[in-house]
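The structure under discussion appears below in the form of structure tokens.
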Amino acid sequence: MIPEPTSILAFRNGSVGNTLVAIPALRALRKRYPHSRLTVVVDPIGFQLLEHCPWINQLITYDKHGSDRGLFAYIKLIKKLRRERPSHAVLFKRFFRNGLLSMLAGARIRAGFTTDGSAPFLNLTIPYDESVNIVELNLRLAALLDAHSTETSIELFLTEADRSSAQQIVNREIGTAKRYCIAHYGGQTTSPNCVKISSFAELLKSVVPSDCQVFCIGSGAREQAWAIELAGYSASFHPAMGLPIRTTAALIESSVLFVGFNSGPAHLAAATQTPSLILFRPDT
């Protein structure tokens, strides 16, 4: 048996999908230790995703490519983590620096994954197994701290303000009475060499109900260019680009169908329990 934690420091800086799949484990920790403080270190996107999560007491943003870049910012972050007085740390991301931060923060019990049998700075570990679903792996990590759970559902806690922002887009672009679907041509594994945009457009025409409009979402210059190109294939396709991530999630939540690739928006669709058609590259 491990000692009862007084304050748990969790590290979950990473992509949209990797952040969302940590929620079941965070929920397990909260239910097992309802009186322990749970602080989660996230990147700016993770902050937006977990901002209203009821399982967490505090979020600390670690933007290593922005405001937290450099030695002085790193020292400032360590001081902020030490103020949390963590007794335990759990690392949902296999980053060397997270292990170092957990030790420098003062956590005496530090749980995480081993990579090739190695886990510097950690003293409670399990192997990272690529053949196991990441939600289950994260729950196994929480179980190291005696937080056992079989609840694997992923939650996304949207506010009425998020939903209102999404509804304003719907009202402006297609009107209140029309149903709509979401299409996302993008993601790290997506390119015109994988599935041509013209082929993706034909797929949409074949699977989208005839009474539905389609919002073509995208973030970043490349995806926004693709969204504009995709919207040109039909008068019922509408570009909706560069939206805040929570507005995007709310827009997906109220849609009839999400069609896209294995990407951040696809994980938002899963978290909002939106019916989805997801395309995977053969080599992924």
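Residue numbers count from 1 along this sequence. Source: prediction; values computed, not measured.
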**Report entry** Pair Y62-V42, side chain to side chain contact (heavy atoms under 4.5 Å, CB included): steps then yes or no
**Finding:** CA-CA 6 Å; Y62 175 33; V42 292; over 6 Å; no
Query raised in the report: With a distance cut-off below 6.0 Å to the six-membered ring centre and an angular limit of 45° from the axis, does R110 pair with F121 as a cation-pi contact?
Result: no
State the [atom1]-[atom2] distance between [X] and [Y], to the nearest 0.5 angstrom.
X: I45; Y: S219; atom1: CD1; atom2: OG; value: 8.0 Å
X: I174; Y: I169; atom1: CD1; atom2: CD1; value: 11.0 Å
X: L257; Y: C212; atom1: CG; atom2: SG; value: 8.0 Å
X: L144; Y: L124; atom1: CG; atom2: CG; value: 4.5 Å
X: F237; Y: C216; atom1: CZ; atom2: SG; value: 6.0 Å

Decide whether [X] and [Y] are clustered together by the hydrophobic rule: side chain heavy atoms of Ile, Leu, Val, Met, Phe, Trp, Tyr closer than 4.5 Å, transitively.
X: L141; Y: I23; value: yes
X: L268; Y: V170; value: yes
X: I228; Y: V214; value: no
X: F92; Y: L9; value: no
X: V16; Y: L59; value: yes

Requested in this report: May I ask you to check whether F261 and Y185 place their ring centers less than 6.0 Å from one another?
Outcome: yes
Quick check: does any side chain N or O of [X] sit under 3.5 Å from a backbone N or O of [Y], one acting as donor and the other as acceptor?
X: R108; Y: M103; answer: no
X: S149; Y: E151; answer: yes
X: R246; Y: Q48; answer: yes
X: K205; Y: Y233; answer: yes
X: R27; Y: W55; answer: no
X: Y128; Y: G112; answer: no
X: S164; Y: A161; answer: no
X: S87; Y: T6; answer: yes
X: Y33; Y: L145; answer: yes
X: S102; Y: G99; answer: yes

In the structure I gave you, are the side-chain heavy atoms of [X] and [Y] within less than 4.5 Å of one another anywhere?
X: F47; Y: L49; value: no
X: R97; Y: F11; value: no
X: M241; Y: I217; value: no
X: P209; Y: C181; value: yes
X: R12; Y: K93; value: yes
X: V90; Y: L29; value: yes
X: V21; Y: N133; value: no
X: V259; Y: H184; value: no

Query raised in the report: After noting the C-alpha distance and the side-chain angles of H88 and S7, does the key distance pass the side-chain hydrogen bond (donor to acceptor under 3.5 Å, both in side chains) rule?
Result: CA-CA 6 Å; H88 296 56; S7 178; over 6 Å; no
Between [X] and [Y], which heavy-atom pair has the shortest distance, and what is it?
X: R37; Y: Q58; answer: NH2-OE1, 2.5 Å
X: A240; Y: F215; answer: CB-CD2, 4.0 Å
X: L26; Y: L38; answer: O-CD2, 3.9 Å
X: H267; Y: L20; answer: O-CD1, 3.6 Å
X: A111; Y: L122; answer: C-CD1, 4.4 Å
X: A269; Y: S276; answer: CB-OG, 3.4 Å

Check whether the side chains of [X] and [Y] place a donor and an acceptor atom closer than 3.5 Å, and report yes or no.
X: D129; Y: S131; result: yes
X: T39; Y: E84; result: yes
X: T159; Y: D162; result: yes
X: N57; Y: R30; result: yes
X: T274; Y: T272; result: yes

Query - Verdict with reasoning, D63 to D43, per side chain to side chain contact (heavy atoms under 4.5 Å, CB included) - result: CA-CA 5 Å; D63 184 9; D43 59 16; 5.9 Å; no
**Report entry** Member of Q168, Q167, E173 meeting the side-chain hydrogen bond (donor to acceptor under 3.5 Å, both in side chains) criterion with N171
**Finding:** Q167
Report task. Evaluate side chain to side chain contact (heavy atoms under 4.5 Å, CB included) for F258 paired with L277, printing each intermediate quantity in order. Result -> CA-CA 6 Å; F258 173 88; L277 174 61; over 6 Å; no
**Report entry** L279 vs N262, side chain to side chain contact (heavy atoms under 4.5 Å, CB included): CA-CA, chis, key distance, verdict
**Finding:** CA-CA 6 Å; L279 307 180; N262 180 24; over 6 Å; no
